[in-house]
Structure formats: structure tokens, C-alpha cells
K.L.:
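Okay, handing you the structure first.
One-based numbering, in listed order, for ligands and for the atoms of each. Predicted model only: the values in this text are computed from it and were never measured.
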Amino acid sequence: MAHPPLPSQLLTIEYYPRPGVIQFDWGHPASALLPLDAMGRAAAEAIGRHGDNTLLYGAAQGPGPLIELLVRRLNAHEGLALTPEHMLITGGASLAIDQICTLLTRPGDAVLVPVPTYHLAVGILRDHPLDLVPVAGDEKGVSVEALAEAVVALRAEGRRPRMVYVIPTFANPTGATMPTERRQALADLARRENLLVVEDDVYRELCYEGSLPPSIYSYAPDGPVLRFANGGMLYSGGGVPHFAAMVVETFFGLDAYDAHLAHVKASYRARRDALLAALATHLPPGCAWSHPQGGYFLWLRLPPGITASALLPVAEQHGVSFLPGNKFGLGHSFDEYARLSFSMLEPDELAEGARRLGQAMRA
Ligand SMILES: Cc1ncc(COP(=O)(O)O)c(C=O)c1O
């Protein structure tokens, strides 16, 4: 899973622009929407309030004030009954997935992965000696029958199903959301078959319309927090990322989070709507695309006879790029699909990008 070729100079951030190309490929937050002022105030306030405790080794589980705040918030918003023993702060979802693999799997354990899936999570899973098993999904995520059949087939072959990795809400790359019944059925399957569900719900807060099904976690809550807090990595290095977690706690305290969330949701919703409208205007007949209720991504099916791998070089000549579907397949072919990310582009760029994409398809 190679990175794109790096430019020769050292980089500060991961993203780099390509002049003249409208890039639908990067799924990062929009720079213009980052809460720089409020974060600056929160950092100063955290240091003013907690002094040296902001810069010392953090508690392995994460800072107590942030944990208490998140427990209260999740209980109020999601109807859960969490206590601090259920919560551990991590340096993002990627680190959490990596730690889960390190501490809760054994070499050779099978991990069921509904596809298409987030290609970079596959990269994390592949860093571990695991047996990755793709299971074909559909427009609502993955059917639990398909997962149950895969578990039976694995056991019959003497393999050890241990874990399911799912992105149930506004998935990367499809934008799809798993309906309530499937979430419940997956929790039941996990309980029955003693499977761990890794529910990667990074886009849950970015809901632009409608209401959200309960988390899978809410149907089968578990809290293997101590295993993580006592793991070698956190025991040595302390809570990760301690300073950022202290700042985020103060950010909530300034009542900045809800205002920020409302602002970014309105802006990302406008971006999504601009892209949906532009695709309808500019793409040739035979295309179809998902209508994501939230998140950053839309999954585009190309017209019959056009594959994403053949289209990409032509698209780049027209000044537009995307990620071809095969990146997300774990060996399954999705060459008739492309992932379009709308998070980083302004509405006028999204419209122009869709126009160029339509031109490339016609060419
Ligand atoms: C489904 C999914 N999980 C995890 C991540 C990365 O999460 P984090 O930045 O918290 O490590 C991404 C980022 O694109 C993602 O789309």
C-alpha cells in the first residue's frame, strides 16, 4: 500500500496540492474550517489552568477531566450508560485500530472486512500477522448473513475468526450507513461467535440530514480499557496524545465544540449538495452515485464500458483526479467505481471538478 511519490522537500502536513488539478482524492478536513482561534485560546487556557500537568506524561487512560466530559456527553447524546471505566483516549482511530490488533489479536487470527473498505485501515491491519478476509458488501454496508456465512466457512477450514472491522456510518469510501437492524444483528452475531467488533465511527458527528441509528456498541457494550491502559506502549509513553487531549477538554469547556460542529456541518453539507448538483448536471448518462447523509465521501459508478483505472489518466489530463475503486477492494474488483471526496473543495471547485470529470468520460 504505497504512498504517492513524495515531493523532494520535507513536508509539514500530509496533504500537498497539485497545481491545476482539482483533487477529489484527499479525504482531509477543509483548512478553512479548522478552529484555529478557539484552539489557540483553549491551549492557552489549558496551560493557565493545569500548568505543568499539560506537559508532563499523561495518565495512560487519558486525562480524567476529558474522560468525564466525554462520558457525560455520550450518555446524554447516545443514550448510553458509560462510566469512566469504559473510556480510553487515543491519538485517533488509526492508533486505536493498531493497538486493538496488537493487544487483542493473536497471529493468524482472521479479520472479516466488508468491502469496499477504508484502504488505509487495511494498511494498519496488514502491519500485523492477521488473516484478512474480505466480505462483499452492498449499498447498506454489509449483510450480516454474509458475515455469518464467512464465519462458518472459516471455521470449517480451521481458521480463527476473531474480529470484524466495520465503518457503519457515512462509510469511507461509499458514504453508506448501516441500518439499525443490521447493527443489532451484527452485535448478536459477535456475541454468538465471540467476535470483536471494531466499529470505526469517525464520521458519526458529521450528519447533514435525518437521524442516525444507534451505534453497534450500544447493542453489545464492552470495555477492554484496562488491557490498553496496562499495555506496554501506554505504560511507557503515557497517555497519547496528552497535550492535545488537555487542549480539547478546555475547548469543550469554552463551549466552542458545539458551535464549531454546527459550523462545519453546514459547510460540509453545502459542499456535498454542490457536488451532487454538479454531478447531475455534468456527468453523462449511465453514471450513478450514492447520496451520503453525512461524512466526506461519495461513491460513483461509472457508465458501462468505462473503468476507473482507464479513466484516471484521462481525468488527470483534464485537470481532475479521484481514487479508483480498486484501492478499497482488498483484492475484490471495484474498477467500475470511483471515490469522490468533497470535504476539501469549495463549492465552485466541486462544480468545476464535476464538469472536468464529465469531459474526461466523454473523451
Ligand atoms: C473510516 C476511517 N477511519 C479512520 C480514519 C483515520 O482516522 P484518524 O485520523 O482518527 O486516525 C479515516 C480517515 O480518513 C477514515 O476514513
K.L.:
Remaining members of L189's ILVMFWY cluster at a side-chain heavy-atom cut-off under 4.5 Å?
P.N.:
L112, V133, V135, V142, V144, L147, V151, L154, V164, V166, M178, L186, L195, V197, I216

K.L.:
Under 3.5 Å, is there a donor-acceptor pair between the D200 and Y165 side chains?
P.N.:
yes

K.L.:
Verify the neighbour count for atom NZ of K140: are there more than 12 heavy atoms of other residues, nucleotides or ligands below 6.0 Å?
P.N.:
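For K140, atom NZ is not crowded (no more than 12 foreign heavy atoms under 6.0 Å).
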
K.L.:
Shortest non-hydrogen contact from K265 to Y208?
P.N.:
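That would be O-CD2, 3.8 Å.
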
K.L.:
Give every pair made of an N or O atom of ligand 1 and a protein N or O atom lying under 3.5 Å apart, one pair per line with both atom names and the distance to 0.1 Å, or write 'none'.
P.N.:
unit_1, atom_1, unit_2, atom_2, d
ligand 1, 3 (N), D200, OD1, 3.3
ligand 1, 3 (N), D200, OD2, 2.6
ligand 1, 10 (O), A93, N, 2.7
ligand 1, 11 (O), A93, N, 3.3
ligand 1, 11 (O), S94, N, 2.8
ligand 1, 11 (O), S94, OG, 2.5
ligand 1, 14 (O), Y203, OH, 3.2
ligand 1, 16 (O), N172, ND2, 2.8
ligand 1, 16 (O), Y203, OH, 2.6

K.L.:
Tracing side-chain links under 4.5 Å among I, L, V, M, F, W and Y, which residues wind up in one group with L56?
P.N.:
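Taking Ile, Leu, Val, Met, Phe, Trp and Tyr as members, L56 stands alone, with no cluster partners.
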
K.L.:
With ring pair (Phe, Tyr, Trp, His ring centres under 6.0 Å) as the rule and sequence neighbours excluded, what pairs involving residues 221-251 come up?
P.N.:
none

